[in-house]
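Down below is the structure, laid out as structure tokens.
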Amino acid sequence: MPSRKFADGEVVMGRWPGSVLYYEVQVTSYDDVAHLYTVKYKDGTELALKESELRSQSSFKHRKSQSSSSSPSRRSSSRSRSRSRSPGRPAKGRRRSASQSREHKDDKKKTIQETSLALLVLVLSKPSENNTKRYNGEPESTEKNDTSCIVLEQKLKPDLEIKRVLEQYSLRPRKDDKKKEEIYSEKKTFVTVKTIEKVPSKTKELEFGGRIGTLMLMLLLPATVFYLLLMCKQDDPSLLNFPPLPALETLWEGRVFGVFLLWFFLQAMLSLLPIGKVVEGLPLSNGRKLQYRINGFYAFILTAAAIGVLLYFEFELHYLYDHFMQFAVSAAVFSLALSIYLYVRSLKAPEEELAPGGNSGYFIYDFFTGHELNPRIGSFDLKYFCELRPGLIGWVVINLAMLLAEMKIHNLSMPSLSMILVNSFQLLYVVDALWNEEAVLTTMDITHDGFGFMLAFGDLVWVPFVYSLQAFYLVGHPTTITWPVAAAITVLNCIGYYIFRSANSQKNNFRRNPADPKLANLKFIPTATGKGLLVTGWWGFVRHPNYLGDIIMALAWSLPCGFNHILPYFYVIYFICLLVHREARDEHHCKQKYGLAWERYCQRVPYRIFPYIY
Ligand code: NDP
């Protein structure tokens with residue numbers, strides 16, 4: 001049984017639960033049975049903490065003395081910001097004293113998996129007024145100055161460890177609500193985190209059902225695409241009317257594959273054009289920021305012009321409709337080849353360039369989720385390119401081809417109202433994504449997920465061939481809707497779009513510039529990472545308002561197809577499942593990132609996507 005390390009009355013540093021912040025605390029008692037110390041923070045808050053969550057003050061002083069700062073002002077005062085190397089890595093050429101060394105070893109032994117400390121920053125506790133004033137609309141509790149030191153320790157520890165730590169804290173009831181608010185506001189947060197070094201971390205917590213789940217998904221996703229396309233071709237696409245399997249040789253045509261390659265490389269060329277601004281992405285874990293050229297909208301305009309020229313010279317765009325399945329097979333083969341290339345090259349990538357979620361060490365899992373975060377050939381970013389270009393613009397071209405095919409097959413002088421609605425709504429969605437291309441840089445796909453089979457297949461096959469299902473369906477299953485119905489569906493789409501766009505812009509602008517005067521009316525909870533969590537505006541309505549808008553739009557895209565079959569509703573059903581799962585993933589990541597601040601946010605904003613429902 002481990003002996004007690006800290007005595008009653010002793011002043012030590014205690015970690016704030018769920019965060020990476022250490023505060024000065026006084027030990028008030030010790031529970032021999034639970035092995036928990038009761039500690040009192042300076043503001044009177046009492047918590048029960050494990051021994052591994054407590055550190056002697058001298059261990060911080062010791063680290064502080066290793067500061068690499070050469071600034072005299074930094075060295076002269078404990079209030080200065082100081083950077084230190086990882087405790088696991090003593091500074092070269094310096095000797096520790098015997099006691100320091102012993103204590104260091106002790107700490108190391110007692111703190112499970114904490115050898116991966118990446119960064120230790122002493123942060124001045126001066127509050128950032130700009131950032132705290134708006135917190136919860138309770139400025140009186142947030143503008144107080146607290147000049148005590150906070151030690152911010154950012155650890156690159158495995159996900160499970162973070163979860164374990166969160167679970168093992170035992171919080172005592174707070175003395176009063178005001179104090180609680182003060183604690184959450186951190187009074188003095190908005191610290192700048194500077195990375196000194198990156199220690200590689202393995203993905204411990206596997207998503208998507210782990211190895212088995214990802215293997216199944218790799219089989220299931222292509223099978224679903226082909227099933228949907230075969231069903232759509234049937235006269236009666238009822239669920240129980242299983243389509244006959246086509247002969248294998250009919251699925252492949254070299255010319256179709258050639259057209260697909262031409263399309264892919266044309267889009268790649270357009271993305272490399274030196275037009276459009278160059279912006280920086282969010283900081284990577286090593287502090288670096290990658291540069292991205294924002295010219296998706298120009299690429300779209302140029303593609304539209306090229307298609308216009310082809311149509312002018314009577315190029316039969318419904319070639320796409322006639323060979324739709326072969327195009328889907330070509331895209332699937334290409335995405336598989338691309339995934340293999342991505343995985344092979346990721347084996348040579350430096351550890352710090354691997355995706356936080358795709359570094360499990362299991363081939364199948366990493367192959368599926370993507371091993372390397374931002375694979376690039378020179379300045380050409382493969383993931384960023386695939387996210388918005390060949391698949392998304394391809395989706396619009398496919399829709400147009402379906403519209404022309406409908407007119408040709410049914411001998412119409414005008415496309416049907418349903419087809420016009422589907423084409424217009426989805427065109428708006430794609431144009432919006434390209435117009436707001438920069439916003440993709442703050443999404444999970446770019447910041448968290450690696451580039452592997454999941455995104456390659458998703459971007460190049462799933463998006464263009466499944467998202468165009470309604471238009472494909474309408475070619476074979478004409479549906480008549482009245483003008484009032486069309487107007488009602490249009491209103492629904494506009495509502496969805498408005499929520500989707502304003503929520504995404506609000507968060508994107510806030511992330512890029514929290515001090516933006518246009519956002520001055522919004523309130524947020526500060527977090528230990530330096531980023532805030534909006535609690536008013538759209539992000540105070542539900543926790544993922546952008547998903548809500550997206551789902552409303554998805555419904556509006558399916559409604560023009562009538563109610564004869566469930567097939568055109570596949571998109572909205574699948575999309576709800578996708579976004580519910582994605583939301584859960586994001587919540588999990590946010591809880592790890594923001595700890596109690598995230599829990600606080602969840603209390604303030606209880607619904608995830610659908611107000612009063614979910
Ligand atoms: P989001 O744009 O929803 O971003 C989630 C991130 O936002 C979180 O990880 C967190 O990141 C930040 N955040 C969460 N809560 C707050 C808050 N209260 N205040 C400030 N920041 C907060 O992620 P997605 O990439 O999932 O979605 C982007 C868009 O793409 C959505 O509109 C979605 O509907 C759409 N989408 C469309 C798909 C399709 O197939 N059509 C598929 C997937 C998504 P941090 O704090 O680190 O900044």
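Quick caveat: nothing in here was measured; it's all calculated off a predicted structure. The first residue in the sequence is number 1, and the count goes up from there. Whatever order the structure lists ligands and atoms in, that order sets their numbers, starting from 1.
Using a 4.0 Å cutoff on heavy atoms, R511 counts as a contact of ligand 1. Using a 4.0 Å cutoff on heavy atoms, F575 counts as a contact of ligand 1. At a 4.0 Å cut-off, at least one heavy atom of L578 sits close enough to ligand 1 to count as contact. Ligand 1 lies nowhere less than 4.0 angstrom from a heavy atom belonging to T442. Look at F524 and you'll find every heavy atom at least 4.0 Å from all atoms of ligand 1.
Heavy-atom proximity to Y594, at under 4.0 Å, picks out these atoms of ligand 1: 45 (P), 46 (O), 47 (O). Atoms of ligand 1 found under 4.0 Å from any heavy atom of F500 (numbered from 1 in listed order, with element): 32 (O). Atoms of ligand 1 lying under 4.0 Å from at least one heavy atom of Y467, given by number and element, are 39 (C), 40 (O), 41 (N). The contact set between ligand 1 and T443, taken as ligand atoms under 4.0 Å from a residue heavy atom, comprises 25 (O), 28 (C). Residue K593 approaches ligand 1 through these ligand atoms, each under 4.0 Å from one of its heavy atoms: 9 (O), 11 (O), 45 (P), 46 (O), 47 (O). Near C590, with a cut-off below 4.0 Å to any heavy atom, the atoms of ligand 1 are 8 (C), 9 (O), 10 (C). Taking a cut-off of under 4.0 Å to the non-hydrogen atoms of Y601, the atoms of ligand 1 that pass are 18 (N). Counting atoms of ligand 1 from 1 in the listed order, those under 4.0 Å from a heavy atom of D550 are 32 (O), 33 (C), 34 (O), 35 (C), 36 (N), 37 (C).
A salt bridge does not link R582 to E587: none of the charged nitrogens lies less than 4.0 Å from a carboxylate oxygen. Using a 4.0 Å cut-off between a side-chain N of Lys or Arg and a carboxylate O of Asp or Glu, D449 and R585 qualify as a salt bridge. In this structure, R501 pairs ionically with D432, as a charged nitrogen and a carboxylate oxygen lie closer than 4.0 Å. Between D586 and K593 no salt bridge is recorded (no basic side-chain N to carboxylate O distance below 4.0 Å). A salt bridge links E438 with R512: the distance from a Lys NZ or Arg NE/NH1/NH2 to an Asp or Glu carboxylate oxygen falls below 4.0 Å.
The aromatic rings of W538 and F541 lie perpendicular to each other, with more than 60° between the two planes, well past the 30° mark. Taking the six-membered ring where the residue is Trp, W462 and F457 present tilted rings, their angle falling between 30° and 60°.
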Practice problem: Report the C-alpha distance between H371 and F451 in whole Å, list the side-chain angles of each, state the deciding distance to 0.1 Å, and finish with yes or no for ring pair (Phe, Tyr, Trp, His ring centres under 6.0 Å). | Solution: CA-CA 7 Å; H371 200 31; F451 194 27; over 10 Å; no

